Amino acid sequence: MRYIGFDMGDGESAVAVYEHGSGIEPVIAPIHGSRSLLSAVGQIGGEVVIGEQAYTSSLAEGLSVRFKSRFTDDPQSYDTIARFVRGVVHALRDAGVYRGGDRFVVGCPAGWNAATRARYRDVLIRAGVDDPQVISESRAAFLYAKYAKTIALDVDLLTQSALVVDIGSSTLDFAYIVDGRETGVGTFGETHLGGGLIDAELLERSVEKSRDRQAIQNVFARSRSWYSYCEIEARRLKEQYYNLSAQDAAAVVKKQLRICYDGTQKLSFTLDMALMEQIVNEPLTALGGESFVAASFAALENARRLTEGQPPKLVLLTGGASRMPFFQAQCRNAFPEAIIVVCPEPEFSIAKGLAYAGWVDENLRAFRAAIRQEVTDARVAGIAAAALPELTPSVVRALVELTLTEAAIPVAGAWRSGDIDTLKQMNDQMQRRIERVLRSPMAEASLSPIIALWMKSLTDELQAVIDPICDRYSVPREEMRLAFTQSGDAAGVRIGANELLGFNIMGTMVGVVVSVVFALLGGGGGVALIAVGPLGMLAGAAIGALVSALGWPAVTEALQNANFPRAMRMINVERRLRGESTKRTLRDALTRELGKKDGAFATGVVKGFTAAFQKYLYQIAAAAEIPIQ
């Protein structure tokens, strides 16, 4: 798979090509013989021309530059951008660079919201780009810093905290990275602050000084092409000045243009340190009366405030305007503790980062799809169901202790003291009490450690399903290391009381408890005695006669509805319920109920675990990343 990274700048554009598996970094693809394409478009003889062709030889009709910066404010710029992109796509296809099946990734300012990005993508599609992917340019800069071998960075710096600063012709973007994780990238910036403002101001000041000022202004008012042509030349003069001033602070650059529209006018440019200081330090109308230096300082101060919790140890500067010495000095002042690194070819770093982004995103999409396709509900449920017998005994023991202590004994005690009239009422209240107990925090606290241990026992088998998928897609196994919790947080797998109420234990438990009471009422030997002493013997004889006449079920119903005198209730129910015999009976009954292969308990627990695990798995897969290499 090949990935085409297209950095359409307001001043210049670049295209990088990355072929996964080639072992070669993204390569800048020349367009019409130029690695850095002038962001200009026009028409000559009805044919769309771009870059240098748009104003060399003969000036193109409708020549337009700096159209990307107008995208958010001027819908008329959509057609201009579409024509420029169409010209780029045709040039790439003619050169065999852009072929069917290639992934096309285009950058945009970090400050653009989702709606603006969607409109931008629609324009790209209209221009002939197949299924373009639009990502922020600052994210691309981070990926370039992360993967590019041409930047001699200490990997440990990227894995701590870093700030990528991308300043181009029209925008100033930031990408803040903590712990080296791309999922933690915070992007922000200024959508109307870039080096193009300096170009426009240099042109305006040069026109003001010209003897042909009025005539030139008339030409600019009537011909956008000639204005664009002169603005391009102003930018080139600025770039020439900065290149020379890096070696000679007293450098002076000059240029003279001939404007041939309605007659001929001359426009002279002269740029030195004094004029550049004025341009960047004096108020600009485009910035609401703020100077370029003040605006960039404010943006950097805002970045400093946003990152002060964990200040960046590395500040990486990219974008053509990052070469400006005063801007580099501002970055050093704003982040005095950080290492400041300027990309060796800042005009190409975004394009290369976009190409990397195409590969990263495609690979992770395929990885996440494989997780969904291969770690199926059926596969997870099978693992959980096979391990269910290991869970059941611990759950049974916990439920026996919990329900006896918190439900059965208190309710039976209330019957014994006369607060409950009949055994049937005791039966009903006990069922309601057990349900409340199972829904209470006590139940969750009792069951949580049991569930946690059981889930931990499933880890190795589930991990063995996931690890091979990680290996296939170059995702570190550590990124998908399972760590089950019962904390209730977003990454937690939990099975609480609600899942354990999905089976019929109330009848089982209440039946055992009531049978214990019946046995006690019968003196421990069937229906021999209901109470001790002569009265008990008479009552026992009476019941014996009833059994002979009506049978045991009828007597049982009669006993359930009988309101026994207080003297007949003085039996030690609590001691019998706490006895090992009762607990064993209750455990056996619950084990039979919970141990049914297709019973409500097995179905509910397996289904609940599967759903919770899949949610957790997709969350960690969404956060998984390809490592820094």
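A quick note: this is a predicted structure, and the numbers were derived from the prediction, not measured.
Remark: Glu374 does not engage Arg379 in a salt bridge, criterion side-chain N to carboxylate O under 4.0 Å. For the pair Asp130 and Arg99, the salt-bridge criterion is not met [side-chain N within less than 4.0 Å of a carboxylate O]. In summary, Glu580 and Lys583 do not engage in a salt bridge, as defined by a charged side-chain N under 4.0 Å from a carboxylate O. The residues Lys424 and Asp428 are annotated as salt-bridged, a charged nitrogen and a carboxylate oxygen being separated by less than 4.0 angstrom. Classification of Arg305 and Glu308 as a salt-bridged pair fails, no side-chain N sitting under 4.0 Å from a carboxylate O.
Of all heavy-atom pairs spanning Ala141 and Leu316, the tightest one is O-CD2, 4.2 Å. Nearest heavy atom pair, residue Leu317 against residue Cys331, reads CD2-SG, 3.6 Å. Across all their heavy atoms, Pro109 and Lys68 have their closest contact at CD-CE, 3.9 Å. Considering all non-hydrogen atoms of both residues, Ala303 and Leu163 come closest at CB-CD2, 4.3 Å. Arg368 and Ala622 make their closest contact through NH2-O, 3.0 Å (heavy atoms, listed as atom of the first residue, atom of the second, distance). Nearest heavy-atom pair, Ser13 versus Met8, reported as atom, atom and distance to 0.1 Å: OG-CA, 3.3 Å.
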Evaluation steps, side-chain contact (heavy atoms from CB on, under 4.5 Å), between Leu462 and Phe613
CA-CA 10 Å; Leu462 290 166; Phe613 173 75; 3.9 Å; yes
Val85 vs Phe6, test: side-chain contact (heavy atoms from CB on, under 4.5 Å). Steps then yes/no.
CA-CA 10 Å; Val85 175; Phe6 178 36; 4.1 Å; yes
Could you give me the CA-CA distance, side-chain angles and deciding distance for Glu478 and Cys470, then say whether side-chain contact (heavy atoms from CB on, under 4.5 Å) is met?
CA-CA 9 Å; Glu478 291 73 20; Cys470 293; over 6 Å; no
Arg126 vs Asp122, side-chain contact (heavy atoms from CB on, under 4.5 Å): CA-CA, chis, key distance, verdict
CA-CA 6 Å; Arg126 199 171 76 197; Asp122 290 342; over 6 Å; no
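With Arg103 as the fixed residue, the side-chain contact (heavy atoms from CB on, under 4.5 Å) test singles out one of Asp131, Ile4, Asp361: Asp131. Across Asp467, Ile469, Leu364, Ile466, a single residue satisfies side-chain contact (heavy atoms from CB on, under 4.5 Å) together with Val475, and that is Leu364.
Note that CG of Asp173 and CD1 of Ile350 are 8.0 Å apart. Values are rounded to the nearest 0.5 Å. Atoms OH and CG, from Tyr3 and Asn363 in turn, are 7.0 Å apart once rounded to the nearest 0.5 Å. Distance check: Met480 CE to Tyr473 OH gives 13.0 Å after rounding to the nearest 0.5 Å. For the atom pair CD of Gln614 and CZ of Phe609, the computed distance is 9.0 Å after rounding to the nearest 0.5 Å. How far CG of Asp7 is from OG1 of Thr318: 8.5 Å, rounded to the nearest 0.5 Å. If you take CD1 on Ile620 and CD1 on Ile371, they are separated by 8.0 Å, rounding to the nearest 0.5 Å.
In terms of modelled atom types and a separation under 3.5 Å, the side chain of Gln463 and the main chain of Leu482 share a donor-acceptor contact. With hydrogens and angles ignored, the 3.5 Å screen pairs no side-chain donor or acceptor of Arg477 with any backbone N or O of Asp471. Although no hydrogens or angles enter the test, the distance criterion places a donor-acceptor pair under 3.5 Å between the side chain of Tyr616 and the main chain of Ala483. Side-chain atoms of Ser417 come within 3.5 Å of backbone atoms of Ala414 as a donor-acceptor pair (strictly under, hydrogens ignored).
At a threshold of 4.5 Å between non-hydrogen side-chain atoms, the residues Thr582 and Arg576 count as touching. Side-chain contact between Pro311 and Glu337 is absent, with no heavy atoms from C-beta onward closer than 4.5 Å. No side-chain heavy atom of Trp359 sits under 4.5 Å from any side-chain heavy atom of Met1. Between Gln328 and Ser322 there is no side-chain heavy-atom pair separated by less than 4.5 Å. Here the side chains of Lys352 and Ile28 are in contact, with some heavy-atom distance below 4.5 Å. Contact check for Thr307 versus Ser161: no side-chain heavy atoms found under the 4.5 Å cut-off. When side chains are defined from C-beta on, Val106 does not count as touching Leu354, because their heavy atoms never get closer than 4.5 Å. Under the 4.5 Å side-chain criterion, counting only non-hydrogen atoms from C-beta, Val411 is not in contact with Trp415.
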In residues 391-399, what donor-acceptor pairs under 3.5 Å come from side-chain atoms, sequence neighbours left out?
residue, atom, partner, partner atom, Å
Thr392, OG1, Leu388, O, 3.2
Ser394, OG, Arg397, NH2, 3.3

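The number of heavy-atom neighbours closer than 6.0 Å to CZ of Arg575, taken from other residues, nucleotides and ligands shown, is 12 or below.
At least one cation-pi condition fails for Arg304 and Phe335: the charged atom is not both under 6.0 angstrom from the six-membered ring centre and inside a 45 degree cone around its axis.
Side-chain atoms of Thr585 and Asp588 include no donor-acceptor pair closer than 3.5 Å.
Listed by chain and number, the residues in a ring-ring contact (aromatic ring centres under 6.0 Å, His included) with Tyr120 are Phe71, Trp112 (sequence neighbours excluded). Residues satisfying the salt bridge (charged side-chain N to carboxylate O under 4.0 Å, His left out) test with Asp460, not counting sequence neighbours, are none.
Annotation: Tyr356 is not in aromatic contact with Tyr144 [ring centroid separation under 6.0 Å not met].
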